[in-house]
Amino acid sequence: MSNIARGLEGINVTATKLCRIDGLKGELVYAGYDIYELAEKSTFEEVLFLLWNNRLPNAAELAELDKNLKSERNLDDVVDRLLRELWPHVRPMRTLEIAVEVLGAIDPKSGELTQPQLRLTAQRLTAKMATVIASYHRLRNGQEPVPPRDDLGHAANFLWMLTGEEPNALHKRVFDVAMILHAEHEMNASTFSAMVTGSTLSDMYSAIASAIGTLKGPLHGGANEAVYRTVDAIKEERNIASYVEALLARGERVMGIGHRIYKTTDPRAVILEKLGHEVAETSPDRWYFDLSLKLRDYLARKLEGKPLYPNVDFFSASVYKMLGIPSDLYTPIFALARISGWTAHLLEQYADNRLMRPNALYEGNESRKYAPIGQR
Ligand SMILES: CC(C)(COP(=O)(O)OP(=O)(O)OC[C@H]1O[C@@H](n2cnc3c(N)ncnc32)[C@H](O)[C@@H]1OP(=O)(O)O)[C@@H](O)C(=O)NCCC(=O)NCCS
């Protein structure tokens with residue numbers, strides 16, 4: 001086992017200009033810009049441009065990106081029809097995965113892996129994935145999809161398409177920041193998954209579908225929904241200790257706690273907690289945020305000495321809950337933001353590709369003789 005890096009921990013599989021994380025200092029940096037500064041001053045569209053171009057846009061470039069994204073928001077007929085067929089049978093993450101593959105199937109240029117074409121695909125997926133999830137949600141509620149609004153930015157338009165109501169200024173900002181915080185995270189499992197698929201020179205649609213499937217798992221993007229279920233099940237402060245003790249006794253993990261890289265603090269959780277306090281001021285669901293804080297405090301005492309802290313999923317669950325978003329959309333929303341990082345890494349990789357093909361240490365039998373089936 002000594003020369004196996006289980007879970008690929010500590011292995012550099014590529015070089016990137018997109019993101020740097022210092023897990024001990026709790027630092028997250030996109031293309032040289034600290035996440036705290038981006039969360040305070042930037043927008044999701046600006047971060048998209050930054051990740052796709054390795055620099056911030058000027059006003060004209062930002063307006064151009066904005067225009068291009070808006071022009072891609074509507075769904076093709078075939079995807080619209082597909083959603084109407086799918087929603088009773090399929091959960092949202094798989095819906096997204098299937099819709100992305102269908103978008104690839106109907107794009108005659110899906111196999112064209114030139115940088116300009118890949119950028120168009122990245123824009124298309126970023127815009128349309130938001131419409132897919134919002135439309136899916138409307139349809140399952142027996143409502144017609146809400147057409148996108150050209151006067152709203154990407155994040156605000158998503159909330160609009162979800163509910164048919166324009167979010168207030170605070171909710172717009174908070175959701176936009178949540179998208180920025182989830183946009184990119186170096187070589188996380190879903191990005192790696194996208195890159196493995198892309199490294200075979202399969203197209204960007206299939207690479208993104210792979211990433212969506214990977215993000216779905218509870219140890220990755222699925223954790224935010226699992227956090228929701230945890231807090232919902234605890235219900236009251238007096239149940240925290242018994243709930244956590246029973247969970248740990250079963251050998252299970254507290255969702256939203258711990259991280260492969262962050263061993264002191266996850267800056268995204270710090271920012272989301274701060275925003276959570278702002279949203280809680282006027283939210284009928286503030287009990288949920290307050291209970292999350294109590295759970296966090298209890299765990300801090302319980303796990304003292306272990307490098308286990310709330311991660312981004314811990315507070316995104318309560319922030320989304322207070323924004324009125326259903327819990328099974330938390331992970332899809334993660335995908336709507338992380339599409340920026342996935343596509344940015346793929347752009348880097350397609351420009352200088354090498355097939356990802358590691359080894360496995362063989363520990364099995366040797367020199368066995370094949371016995372006919374009747375003799376086994
Ligand atoms: C994210 C995660 C998979 C990283 O795990 P990892 O780097 O593989 O860490 P390990 O599995 O080596 O865990 C190290 C120790 O911390 C414990 N631990 C890690 N996460 C824990 C959690 N959420 N709750 C309780 N204990 C936890 C492990 O049991 C292990 O304890 P041990 O040394 O006594 O055996 C893990 O922290 C986890 O499962 N968290 C919950 C899921 C989650 O929130 N995922 C979203 C990540 S953004």
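The number of heavy atoms from other shown groups lying within 6.0 Å of CD (Gln115) is above 12. With a 6.0 Å radius and a threshold of 12 heavy atoms from other residues, nucleotides or ligands, Glu85 has its CD atom at or below the threshold. Applying the 6.0 Å contact sphere to CZ of Arg250 captures more than 12 heavy atoms from other residues, nucleotides or ligands.
For the residue pair Asn68 and Arg119, no side-chain donor N or O sits within less than 3.5 Å of a side-chain acceptor on the partner.
Looking at residues two or more places apart in sequence or on another chain, you find a side chain to side chain contact (heavy atoms under 4.5 Å, CB included) between Glu186 and Cys19, Ile21. With sequence neighbours excluded, the residues forming a side chain to side chain contact (heavy atoms under 4.5 Å, CB included) with Pro326 are His137, Arg140, Asp328, Leu329, listed by chain and number.
Between Arg260 and Glu9 there is a salt bridge, since a side-chain N of the basic residue sits under 4.0 Å from a carboxylate O of the acidic one. Using a 4.0 Å cut-off between a side-chain N of Lys or Arg and a carboxylate O of Asp or Glu, Glu225 and Lys216 do not qualify as a salt bridge.
Applying the ring pair (Phe, Tyr, Trp, His ring centres under 6.0 Å) test to every pair with at least one member in residues 27-69, sequence neighbours left out, gives these pairs: Phe44-His154. Here ring pair (Phe, Tyr, Trp, His ring centres under 6.0 Å) pairs that include residues 251-272, with residues two or more places apart or in two chains, are His185-His259, His185-Tyr262, His259-Tyr262. Each ring pair (Phe, Tyr, Trp, His ring centres under 6.0 Å) pair with one or both residues in residues 340-367, not counting sequence neighbours, would appear here, but there are none.
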task: List the steps and the verdict of side chain to side chain donor-acceptor pair (under 3.5 Å) for Tyr309 and Asp266.
output: CA-CA 7 Å; Tyr309 301 85; Asp266 179 341; over 6 Å; no
message: Between Asp297 and Arg301, does the salt bridge (charged side-chain N to carboxylate O under 4.0 Å, His left out) criterion hold? Intermediate values first, please.
response: CA-CA 7 Å; Asp297 294 343; Arg301 292 192 297 274; 5.7 Å; no
message: Using side chain to side chain donor-acceptor pair (under 3.5 Å), reason through His220 and Ser190 one step at a time and then give a plain yes or no.
response: CA-CA 8 Å; His220 191 8; Ser190 56; 2.9 Å; yes
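When atom types are taken as modelled, the side chain of Lys128 and the backbone of Glu72 share a donor-acceptor pair closer than 3.5 angstrom. At least one donor-acceptor pair closer than 3.5 Å links the side chain of Asn311 to the backbone N or O of Asp313.
In this structure, Leu152 shares a hydrophobic cluster with Val146, Trp160, Met161, the cluster being traced through Ile, Leu, Val, Met, Phe, Trp and Tyr side chains under 4.5 angstrom apart.
When the options Thr197, Val102, Asp107 are evaluated for a side-chain contact (heavy atoms from CB on, under 4.5 Å) with Tyr205, the one that passes is Asp107.
Aromatic rings of Tyr288 and Tyr228 (six-membered ring for Trp) have centroids within the 6.0 Å cut-off, being under it.
Note that the CD atom of Gln349 and the CG atom of Leu201 stand 8.5 Å from one another [nearest 0.5 Å].
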